[in-house]
Colleague: 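Got a structure here, written out as structure tokens. Questions coming.
Only heavy atoms go into these numbers, but all of them, side chains included; no hydrogens, no water, no symmetry mates. Heads up: numbering here begins at 1 and tracks the sequence.
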Amino acid sequence: MKITPSKTWTVIVLTAIINLLQSQNISGRVIDSFHTSISEVEIIFNNVVISKTNNQGVFTLSEGFQLPIQITLKHPHYDVETVTLSKNLSVFQLSVLKETLDLDEVTIASTYQKESRVIVPTVKISSEKFEIYSPIDLVSAINETPGVYIQSGAINTNRIVIRGVGSRTLYGTNKIRAYFNGIPITNGIGETAIDAFDPEDISNIEIVKGPKATQYGTNLGGTLLLNSQQASDGETHFRSNLTLGSFGLIKNNISLATKANKLALNLNYDHIRLDGFRDNNMYNRKAVLLTSNYKFNPKNDIGILINYTDYFAEIPSSIGYTAFNEDPSQAAFTWNAAQGFEDNKQVLVGLNYTHRFSNNFSNTTSVFYNYLDHYEPRPFNILDEYTNGYGVRTLFAKDFKFLSQTAHLSFGGELYSDQYHWKTIENRYENNNNHGSLEGELLSDNQEQRNNLNGFATITLPFTKKLKAQLGINVNTTNYKFKDEFNVGENNKNADRDFNPIIAPNLNVLYQFTSNINAYANISRGFNYPSIEETLTPDGIINPDLGPETGLNYEIGSTLFLFKRKMRLQLTAYLLDIDNLLVADRIGEDQYIGRNAGKTEHKGLELSASFIQTLSNGFSFSPYINAEITDHRFIDFIDNETDYSGHQLTGVPEVKINGGLQFSFKNVNLNTNVLHIGEMPLNDANTLSSKAYTVFNTKLSFKSAITSKFNIEINLGINNFTDEKYASSVLINAVGFGDSEPRYYYPGMPRNWFSGIKIAYQI
């Protein structure tokens, strides 16, 4: 039985047109099933590499080749495919369709570690998509995804909202689960910070919307799977990218990678410094990423991951309506006076071992450790914290015969535990002669132990050549232990909280009508636990009645290919009902308590469409659009005797549209993009909303091979070139203290430019 590579080309479209203007060059293009161009695909003829695809997935063959010709397409992340190019006499178009109705596919455990293996469509964002934006801008690439919206107050301040889930999180991201190379990067209370990873080090991100990825937890928001860059087979290269830009931007990324028969090694260094366009807005980060894999023999291999991030970021914080309109570059007054900042040092270490018992049965087991040291002076106090997280994850993958076809079974478990130590200190910045924050007396000292255990199993059954079903189950148990190391006697707040186990089943069904159209459906259950801080009452006592929010997700959709697969359409409709909604009530400037407040209903339509055309002279263009229309509402929500039932969910736009047009001619690429975000309610009463906004971005790049081993690329980009004034993130239900306005708005960046030069050398 053949073991496929870690990623499967679910479809490859190869289009080539003979130049009508005397040139005999043949150009073609390679894309995946998501209509994403695939770069660095080797074009092989008679065991010799005769061409490679560029950033737009386009390759060129010299005039010495005669049609038809049989070539092999090879890329480390996809199946090797042998195809035949032949002339289309009606339009002089050469095309190959490599698509099968057979839903069988063979996988191994390492693939399961890096991909969700959900049979209904998920979203995969490739490194080529990251490259059309600024190298510091991971957010814009993810925001192209319908159903996903990242609100970004700064590089280090992001809130990921998936289908409305997570919109009520005041700071940061929770209610999703994230992994890097199969290692969890979400902490013990469900918080995720993707800014710890550099976009230039990421090969792809898979986004699973909703609780469909059983083997990665069943958080209501969904799952993010990040995977790092790696070299191609037999390749050793050195790459460097230097970028300069507005507001003091300096970024340099250096990577060295090799992949031989047994050893793969990737080492990346990243440094970024940005003064920022606001007061008290400087950002400085250094990061090192090391990944390596060694294959002892065909049955055993071992891998290691080490990621170290050290950054210092000043915090301008959110501002009120008056300040936002008069001068969005200003920082919040108290944060500017305190010269607030956060100083982060983070380490992620993972070790994985894969053993193949046979061609159809394997196991991958990982152990991992995560350390975070965080120091953050705020106007109201100084937070000093550190976290030690560690765990183990194991996954078995088995292929077997079912109705004369190949079925799949995966099962395993994940144990994650972290120790969180945090204390707050008085901030005496007002008595520090305008020198910023100054430590005073100790206000609190606490320790938390947070334990999370997931058991999971998924079975995928092909009932016919066209019909496939996937059934999964996830069982979770979580407990917290809180230790008050500051108060003694009757004032001590020591407490434990054990949540009842939650069982979350999941069913996916996929029907492939033809090679060009399919339909799919999902029903799944998910949950989100409250943090230990949310379980505390205003008196600091754990509330035993506060429980997790739970929900049921219903989803149907279809994927359609048209015009000889040049156009891809995907339409999805979903309904997500959430019970026991977790609400954070603000009782002080940095004090919140949680409670289960009622029910929400999340409804939406998502559309994704893309088209690729290559013209006779080698010029190609690719328009695309991603759109969503949503109706997220409180169904049953009474807050302090005020009934908000029927109101729109706070902090979520009803309309989000993202589109663009990509042009390619020989070595020149032009990418344009537009993002439109509709109005968002800022409070539960729906009496105040943020303004809709539209942001345009563009990037021009030129890539050339100086020699057979040395490549260079020069690029120039402009973000927000209409200089739109907008809020890139909002703080819902903001409260003003004293005579100050409520600070709802994080201003988005004004018009800014960046320019870079990349070099790559094959050793």
Colleague: Salt bridge check, R163 against E555: does any charged N sit closer than 4.0 Å to a carboxylate O?
Modeller: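 R163 and E555: salt-bridged.
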Colleague: State the CD1-OG1 distance between I125 and T145, to the nearest 0.5 angstrom.
Modeller: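 Here the interatomic distance stands at 3.5 Å.
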Colleague: So Q648 and E654, side chain to side chain donor-acceptor pair (under 3.5 Å) or not? Walk me through it.
Modeller: CA-CA 9 Å; Q648 292 181 5; E654 287 188 293; 3.2 Å; yes
Colleague: What pairs with A193 under side-chain contact (heavy atoms from CB on, under 4.5 Å), at least two apart in sequence or on another chain?
Modeller: D195
Colleague: Within 45° of the ring axis of Y624 and under 6.0 Å from its six-membered ring centre, is that where the NZ or CZ of K129 lies?
Modeller: yes
Colleague: Run N506 and T214 through side chain to side chain donor-acceptor pair (under 3.5 Å) and show every step you take.
Modeller: CA-CA 7 Å; N506 172 40; T214 304; 3.1 Å; yes
Colleague: Roughly how far apart are I677 CD1 and Q151 CD, rounded to 0.5 Å?
Modeller: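 It is 8.5 Å, given to the nearest 0.5 Å.
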Colleague: CD1 of I185 to OH of Y179: how many Å apart, nearest 0.5 Å?
Modeller: 10.0 Å
Colleague: Classify the ring geometry of H602 against H632: parallel below 30°, tilted from 30° to 60°, perpendicular beyond 60°.
Modeller: tilted
Colleague: Do T173 and T192 pass the side chain to side chain donor-acceptor pair (under 3.5 Å) test, and can you show the C-alpha distance, the side-chain angles, and the key distance before you say yes or no?
Modeller: CA-CA 5 Å; T173 294; T192 301; over 6 Å; no
Colleague: Pick out which of T477, N187, N476, N479 makes a side chain to side chain donor-acceptor pair (under 3.5 Å) with N452.
Modeller: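 Exactly one pass, corresponding to N476.
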Colleague: Please verify the inter-ring angle class for F482 with W422; under 30° counts as parallel, over 60° as perpendicular, anything in between as tilted.
Modeller: tilted
Colleague: Is K725 atom NZ crowded by more than 12 heavy atoms from other residues, nucleotides or ligands, each under 6.0 Å away?
Modeller: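 Atom NZ in K725 is crowded, with more than 12 foreign heavy atoms closer than 6.0 Å.
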Colleague: Taking it one step at a time, do S417 and R450 satisfy side chain to side chain donor-acceptor pair (under 3.5 Å)?
Modeller: CA-CA 6 Å; S417 179; R450 308 177 296 206; over 6 Å; no
Colleague: Would you call the rings of F380 and W335 parallel, tilted or perpendicular, taking 30° and 60° as the class edges?
Modeller: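 Judged by the thresholds at 30° and 60°, the geometry between F380 and W335 is perpendicular.
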